[in-house]
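Values below: every heavy atom of this structure, side chains too, minus hydrogens, waters and symmetry copies. Residue numbers run from 1 in the order of the sequence given.
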Amino acid sequence: MSNSITTVNPATGENLETYSLMDESKAIEIVEQSHQAFLQWRLKSLDERANVIKAIGKALADNKEAFAKLIVDEMGKPPEEARQEIDLCVGICDYTAENGPKKLADEERKPGNGERGIVTYSPMGVIYGIQPWNFPAYQAVRYSIANLMAGNAVLLKHAENVTGSGLLLERIYRDAGLPENVFRTIVISHDVSDKIIEHKLVRGVTLTGSDTAGRKVAAKAAENLKKTVLELGSNDAYLVLDDADLDLAVDTCVTGRVFNGGQTCVAAKRFVVTEKNFEAFKERFVEKMKALKVGDPKESSTHVGPMARVDLRDGLHDQVEKSVAKGAKILCGGEKPSGPGAFYPVTVLDDVKPGQPAYDDELFGPVAALIRAKDDEDAMRIANDSRYGLGGGIISKDVKRATELASKYFDTGMVFINGFGVATPEMPFGGVKDSGYGREHGGFGMHEFVNAKAVIIVQE
């Protein structure tokens, strides 16, 4: 096994940096240092923590161009999307700093026997996060800022191909005034990661990644009675109902499929269109998808950059080929290019049905699956015919009815109506079924890894 990680530019195939892996003893030393730092950080008042979080947001804004450039180099995101990612991180910090003290404040209760009760949200300790590469800044900020506000210390194991982003984030946090060792990025192997999960000073584990990875991490955490929060991707369905505005539907679905190169857990992936609109939607959707240029993310004319790694590109192509072998039809794209880089063409598949990867699994790249539904009711049935349940969308002129469908029938954690969205600091983020459990954002993430402690005063 190699004792180092080399990051690679997915647009050129060129090596960027090589980082040494920490051995188990070094990683455990950092866990112990983080625990000692936690013992002091937990004693900071909510307002003191909020002030540091606010400063982290400012530091992220000050470092936006440098961080965005690193994201472009490490995972191939177009520069403007990389800047937008940093802006979202700043928004998370600002929201958390403003709302954290209220969300985590002690609550007075009156138990039945006349005692006085206090519910206090005590931080738990060291929280370990295993994060993916598709949003190198946001994924790490999303869980870490909430837990830092709660008074926990945080460890980050970032995806290998964005190691530089993880280390830069640690420096930004520290330079903004976060005490040393309250947030650490650890560069470790999967075997050492298991030892971190097992360690008695690690009190919770959160992972964003595949459902396969989620099962492994959750099992290891459960062996050691550790709470987990899991966000495990999806094959989100966007429903184009009978009364949909087709201009809005096509624009929303194109944007929803290719945003971040299609490498987004809440990307629009399955497009479930009623019989009434199917042919017209298909024609216009394919036309717009064909017009998108795949290329160097640094070129202003590029709409879609490379995928993050060659092996991920090859895996996506394999899913396309298996779907075609089982009856799917390629309407555009679908050919793996030769040459350097991890590029894949924008692709649309028709005749997508159960049993095909394009229907059953998550296509994590710029490949769209078109599915024909008889009517609105059938469209909702198809949307829910998935082992996943992270997000989804409804396009309909009847917003009241669409809202009811979203609230009562759509079996996902998030639903977007008449538009595409990814995340916002004010609203909960997370899924159901094989998309995992637990919530981040909207204040919910601050309560995932705290001890809701009951303090009961029997006599004053």
Side-chain angles (χ1 to χ4, degrees), residues 9-11 53-54 56-97 131-146 158-159 161-162 164-166 168-169 172-173 176 208 231 233 236 251-269 292-308 346 364-366 390-391 393 414 416 418-429 440-442 445:
N9 185 320
I53 298 299
K54 183 75 174 176
I56 290 173
K58 183 179 184 306
L60 284 164
D62 291 344
N63 285 272
K64 179 161 75 169
E65 289 304 317
F67 209 155
K69 181 183 183 304
L70 182 58
I71 289 170
V72 173
D73 289 344
E74 285 194 323
M75 64 84 49
K77 194 190 301 279
E80 189 51 39
E81 289 188 15
R83 295 186 190 103
Q84 291 169 2
E85 180 178 341
I86 304 301
D87 289 341
L88 175 57
C89 293
V90 174
I92 291 168
C93 292
D94 290 347
Y95 174 87
T96 304
Q131 298 301 315
W133 45 262
N134 57 333
F135 289 89
Y138 164 69
Q139 298 284 12
V141 166
R142 186 172 75 194
Y143 87 97
S144 64
I145 289 298
H158 221 330
N161 56 320
V162 293
S165 292
L168 176 57
L169 197 66
I172 289 171
Y173 280 22
T208 299
E231 194 275 277
D236 288 4
D251 288 347
T252 296
C253 293
V254 170
T255 300
R257 179 59 288 204
V258 300
F259 177 76
N260 203 45
Q263 302 167 117
T264 307
C265 50
V266 286
K269 294 173 181 136
L292 298 174
K293 180 185 174 184
V294 177
D296 183 345
K298 295 178 182 177
E299 294 290 336
S300 59
S301 60
T302 294
H303 299 106
V304 180
M307 292 182 62
V346 173
F364 214 65
L390 184 58
M414 297 170 281
F416 297 93
N418 291 332
F420 169 72
V422 179
T424 176
E426 298 81 10
M427 296 295 286
F429 186 101
E440 294 168 311
H441 291 328

Please report the shortest heavy-atom distance between [X] and [Y], naming the atom on each side.
| X | Y | answer |
| --- | --- | --- |
| F429 | R142 | CE2-NH1, 3.2 Å |
| P10 | A308 | CB-O, 3.3 Å |
| C93 | I53 | O-CG2, 3.4 Å |
| P306 | G295 | CD-O, 4.0 Å |
| P297 | G76 | CB-O, 3.4 Å |
| G305 | P78 | N-CG, 4.5 Å |

Please check this pair: side chain of [X] against backbone of [Y], looking for a donor-acceptor N/O pair closer than 3.5 Å.
| X | Y | result |
| --- | --- | --- |
| E74 | S165 | yes |
| R257 | A267 | no |
| D236 | A268 | no |
| E81 | F259 | no |

Quick check: do [X] and [Y] have side-chain heavy atoms less than 4.5 Å from each other?
| X | Y | result |
| --- | --- | --- |
| V266 | M414 | yes |
| Y173 | V141 | yes |
| N134 | T208 | no |
| I92 | H441 | yes |
| H158 | W133 | no |
| N260 | V422 | no |
| P132 | Q139 | yes |
| K77 | Q263 | no |

>> Applying salt bridge (charged side-chain N to carboxylate O under 4.0 Å, His left out) as the test, list every pair that has at least one member in residues 57-71; sequence neighbours left out.
In response: K58-D62, K64-D87, E65-R83, K69-D73
> What do the steps show when you test L169 against F67 for side chain to side chain contact (heavy atoms under 4.5 Å, CB included), and what is the final call?
Replying inline: CA-CA 9 Å; L169 197 66; F67 209 155; 3.7 Å; yes
From [X] [atom1] over to [Y] [atom2], what is the distance, rounded to the nearest 0.5 angstrom?
| X | Y | atom1 | atom2 | answer |
| --- | --- | --- | --- | --- |
| I56 | S144 | CD1 | OG | 7.5 Å |
| I145 | T96 | CD1 | OG1 | 6.5 Å |
| I172 | I86 | CD1 | CD1 | 7.0 Å |

>> Could you walk me through whether N9 and V72 satisfy the side chain to side chain contact (heavy atoms under 4.5 Å, CB included) test, starting with their C-alpha distance in whole Å, then the side-chain angles of each, then the deciding distance to 0.1 Å, before giving a yes or no?
In response: CA-CA 8 Å; N9 185 320; V72 173; over 6 Å; no
>> What I want to check is whether the side chains of K293 and T302 have a donor and an acceptor closer together than 3.5 Å.
In response: no
> When you check the side-chain N and O atoms of T424 and E426, is any donor under 3.5 Å from an acceptor?
Replying inline: yes
> Can you check side chain to side chain contact (heavy atoms under 4.5 Å, CB included) on C265 and E231, steps first, answer last?
Replying inline: CA-CA 9 Å; C265 50; E231 194 275 277; 3.2 Å; yes
> Do E85 and I71 pass the side chain to side chain contact (heavy atoms under 4.5 Å, CB included) test, and can you show the C-alpha distance, the side-chain angles, and the key distance before you say yes or no?
Replying inline: CA-CA 10 Å; E85 180 178 341; I71 289 170; 4.0 Å; yes
>> Please verify the inter-ring angle class for Y138 with F135; under 30° counts as parallel, over 60° as perpendicular, anything in between as tilted.
In response: perpendicular
>> Suppose we screen for salt bridge (charged side-chain N to carboxylate O under 4.0 Å, His left out). Which residues come up paired with D251, at least two apart in sequence or across chains?
In response: K288
